[in-house]
Novice: 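So that we are looking at the same thing, I have put the structure below in structure tokens.
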Amino acid sequence: MPELPEVENIAAGLRKEIIGQGIRELVIRNPAIVKGSYQRSWRKAAGQLAGGRITKVSRRAKRLIIYTDKELAILVQLGMTGKFLLYEPEEESQKHVRFSIKFYGDKYLWYLDVRRFGRVWFMEGLTEENMDEVMEQAGLGKLGPESDSIQTKEFQEILSCKRPVKSLLLDQAKIGGLGNIYADESLFMARIYPGTRANKLNSMQANVLRKSIRAVIRKAIAHGGTTFSDFRNVYGDKGGFRKLLKVYQRTGEPCRKCKTAIERIQIGGRSTHFCPKCQVKK
DNA sequence: ATTTCATCCTGGAGGC
DNA sequence: TGCCTCCAGGATGAAA
């Protein structure tokens with residue numbers, strides 16, 4: 001589910017709502033989602049965080065990081081259907097709660113995940129400066145540069161392989177933050193056929209793609225992300241970018257530019273949507 | 001060294 | 001109503 005714009009939207013909501021809040025209790029209902037050094041000692045992590053205070057919320061690619069004043073940070077990778085919701089327990093009982101934080105005062109934060117692809121790490125000594133290194137040591141995959149701020153030269157190096165460009169855009173070790181929606185949308189904006197071998201793109205196409213990625217990501221953030229079924233921000237609201245999608249999940253519908261029917265193919269095991277006229281094979 | 005592919009899950013949609 | 005198949009914003013480890 002959540003790609004960079006959705007995670008950024010969640011992070012923004014959490015920054016506003018939970019920074020400064022004191023943790024009364026951290027309840028882990030589904031310990032199987034905990035990975036890393038606290039995988040077996042998750043109770044210890046929960047105990048350690050009780051009484052702590054939320055100091056900062058940040059994001060790296062699709063990962064969300066909640067810092068505390070307790071030397072333990074909570075790192076969450078939301079998978080396909082992970083989400084955070086703020087609501088009172090009396091309001092309604094939700095299914096699929098995997099862990100929750102009860103704050104002093106009357107706030108609660110719930111982490112829900114239908115499909116359980118999401119994962120949580122309790123990280124020691126994590127800072128903004130060392131995070132990439134520390135995350136790798138903890139067994140998380142390597143992350144490429146943030147997709148909305150890649151440099152020209154850096155991007156050309158990333159493209160120097162013969163994989164289909166679509167697969168490359170989804171590879172978090174190469175580019176951090178893009179998922180299936182925004183990879184397809186970026187390629188449409190850049191008028192590039194998704195199956196094109198990355199090293200066949202000329203420098204002008206590469207630069208257009210780099211800028212398209214940035215534009216798509218920033219616009220999606222501004223519109224609160226994309227909701228199909230699951231995504232919600234921390235208040236339970238849907239994202240507003242769905243109606244602005246040009247190709248993703250529009251198979252058979254007319255291209256917004258040329259009216260040709262949007263097609264869907266498989267690339268690297270993922271559905272890929274494109275306009276056969278605007279994004280010509282070469 | 002790269003790259004592809006099955007697998008981990010649940011639930012909604014649509015066909016019969 | 002039930003049963004079946006297909007599909008889904010992701011990441012990973014094994015295999016080729």
Side-chain angles (χ1 to χ4, degrees), chain A residues 1-11 30 32-36 39 59-64 75-84 94-98 111-121 135-136 138-144 147 157-187 194-199 213 216-217 219-221 223-233 237-252 264-273:
Chain A
M1 154 187 103
E3 306 180 31
L4 192 158
E6 289 75 33
V7 181
E8 179 55 33
N9 203 47
I10 292 168
N30 184 191
I33 66 168
V34 179
K35 297 292 165 191
Q39 183 167 355
R59 177 192 61 71
R60 171 76 172 96
K62 304 177 194 174
R63 296 171 190 164
L64 188 76
L75 190 158
V76 181
Q77 201 161 260
L78 297 149
M80 288 282 233
T81 53
K83 58 186 156 187
F84 280 100
Q94 297 259 4
K95 281 184 175 177
H96 317 302
V97 173
R98 308 304 176 191
Y111 171 73
L112 297 80
D113 184 8
V114 174
R115 292 175 71 182
R116 282 186 275 145
F117 288 167
R119 296 286 178 260
V120 180
W121 288 258
M135 286 192 289
E136 264 194 80
L140 285 107
K142 181 175 153 41
L143 288 179
S147 46
E157 282 166 25
I158 290 167
L159 292 177
S160 63
C161 71
K162 58 178 185 180
R163 297 165 71 179
V165 60
K166 162 77 185 264
S167 300
L168 206 60
L169 297 188
L170 291 178
D171 186 343
Q172 300 302 298
K174 302 280 184 184
I175 301 169
L178 283 181
N180 217 20
I181 297 177
Y182 302 112
D184 284 2
E185 293 296 313
S186 299
L187 288 164
T196 310
R197 303 282 159 181
N199 58 8
I213 291 168
V216 166
I217 290 290
K219 197 170 179 188
I221 291 172
H223 287 266
T226 304
T227 296
F228 274 96
S229 54
D230 294 286
F231 173 68
R232 297 291 187 279
N233 65 20
D237 305 322
K238 296 180 179 185
F241 197 69
R242 182 176 183 172
K243 60 181 181 299
L244 299 176
L245 295 176
K246 304 277 202 288
V247 289
Y248 186 79
Q249 287 286 313
R250 294 193 66 246
T251 311
R264 185 177 80 179
I265 55 174
Q266 291 283 119
I267 292 181
R270 307 296 299 277
S271 279
T272 298
H273 313 75

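Side-chain atoms are counted along with the backbone in the values below, which use heavy atoms only and exclude waters and symmetry mates. Since we're looking at a predicted model, the values are computed, not measured. Below, read A as the first sequence line, B as the second, and so on, with proteins coming before strands; counting in each chain starts at 1.
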Novice: Assess whether a salt bridge exists between A/Asp184 and A/Lys166, defined as any Lys/Arg side-chain N lying under 4.0 Å from an Asp/Glu carboxylate O.
Specialist: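 Answer for the salt bridge query: yes.
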
Novice: Mind calculating the distance between CZ (A/Arg163) and P (B/dT3) to the nearest angstrom?
Specialist: 5 Å

Novice: If we call it a pair only when both distances are under 3.5 Å in a Watson-Crick or G-U wobble match, what pairs with B/dC9?
Specialist: none

Novice: Compute whether any side-chain donor of one residue and acceptor of the other, for A/Gln77 and A/Arg119, lie under 3.5 angstrom apart.
Specialist: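 No, because no side-chain N or O of A/Gln77 sits under 3.5 Å from a partner of the opposite role on A/Arg119.
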
Novice: Report yes if at least one side-chain N or O of A/Arg116 is closer than 4.0 Å to OP1 or OP2 of B/dT10; otherwise report no.
Specialist: yes

Novice: Have A/His96 and A/Asp113 got a donor and an acceptor in their side chains that come within less than 3.5 Å?
Specialist: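 Result is no, nothing qualifies.
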
Novice: Nearest whole angstrom, please: distance from the P of C/dA8 to the CG of A/Asn180.
Specialist: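 Rounded to whole Å, this separation is 8 Å.
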
Novice: Does a side-chain N or O from A/Lys35 land closer than 4.0 Å to OP1 or OP2 of C/dA11, or not?
Specialist: no

Novice: Could you tell me whether A/Arg163 and A/Asp171 have a side-chain N and a carboxylate O separated by less than 4.0 Å?
Specialist: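 Yes, charged N to carboxylate O under 4.0 Å.
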
Novice: Heavy atoms under 4.0 Å, any strand shown: does A/Tyr182 hit a base, just sugar-phosphate, or nothing?
Specialist: nothing

Novice: Give the nucleotide from the list C/dA8, B/dG11, C/dG10 with an atom nearest to the side chain of A/Ser271.
Specialist: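 In terms of side-chain proximity for A/Ser271, the closest of C/dA8, B/dG11, C/dG10 is C/dA8.
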
Novice: Quick check on C/dC7: is either OP1 or OP2 less than 4.0 Å from any side-chain nitrogen or oxygen of A/Arg115?
Specialist: no

Novice: Nearest to the side chain of A/Arg197, which nucleotide is it out of B/dT3, B/dT4, B/dG11?
Specialist: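 Within the option list, the nearest is B/dT4.
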
Novice: Quick one: label A/Gly179 by what it contacts on the DNA or RNA (base, sugar-phosphate, nothing), any heavy atom closer than 4.0 Å.
Specialist: sugar-phosphate

Novice: How many Å lie between CD1 on A/Ile267 and P on B/dT3, as a whole number?
Specialist: 15 Å

Novice: Any chance the side chains of A/Tyr248 and A/Ser271 put a donor and an acceptor closer than 3.5 Å?
Specialist: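 No donor-acceptor contact under 3.5 Å links the two side chains.
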
Novice: Flag as yes if A/Phe117 stacks onto the base of C/dG10 (centroids under 5.5 Å, planes under 30°), otherwise no.
Specialist: yes

Novice: Looking at A/Arg270, does any N or O in its side chain come under 4.0 Å of the phosphate oxygens OP1/OP2 on C/dG10?
Specialist: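 Yes, such a contact exists.
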
Novice: For B/dC9, take OP1 and OP2 only and decide whether either is under 4.0 Å from a side-chain N or O of A/His96.
Specialist: no

Novice: To the nearest Å, how far apart are A/Leu170 CG and C/dG10 P?
Specialist: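 Spelled out: CG on A/Leu170 to P on C/dG10 is 7 Å.
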
Novice: Rounding to an integer number of Å, can you tell me how far A/Asp113 CG sits from C/dG10 C1'?
Specialist: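 One finds 11 Å between C1' of C/dG10 and CG of A/Asp113, rounded.
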
Novice: What is the distance, rounded to the nearest whole Å, between atom CD of A/Glu6 and atom P of C/dA8?
Specialist: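 So the two atoms are 16 Å apart, to the nearest Å.
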
Novice: Let me know the distance between CG of A/Leu4 and P of C/dG10, rounded to the nearest Å.
Specialist: 12 Å

Novice: Think A/Gln77 has a side-chain N or O under 4.0 angstrom from the OP1 or OP2 of C/dG10?
Specialist: no

Novice: Got a salt bridge between A/Glu8 and A/Arg59, using NZ or NE/NH1/NH2 to carboxylate O under 4.0 Å?
Specialist: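 The answer is yes: the pair qualifies as a salt bridge.
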
Novice: Looking at A/Lys162, I'd like to know whether one of its side-chain N or O atoms comes within less than 4.0 Å of OP1 or OP2 on B/dT2.
Specialist: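 The answer is no; no side-chain N or O of A/Lys162 sits under 4.0 Å from OP1 or OP2.
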
Novice: I need the CG-C1' distance between A/Leu168 and C/dA11, as an integer number of Å.
Specialist: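 That distance rounds to 16 Å.
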
Novice: Regarding A/Arg63, tell me which of base, sugar-phosphate or nothing describes its non-hydrogen contacts under 4.0 Å with the strands shown.
Specialist: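 Counting heavy atoms under 4.0 Å across all strands, no contact is made by A/Arg63.
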
Novice: So what does A/Gly141 touch, heavy atoms closer than 4.0 Å: a base, only the sugar-phosphate, or nothing?
Specialist: sugar-phosphate

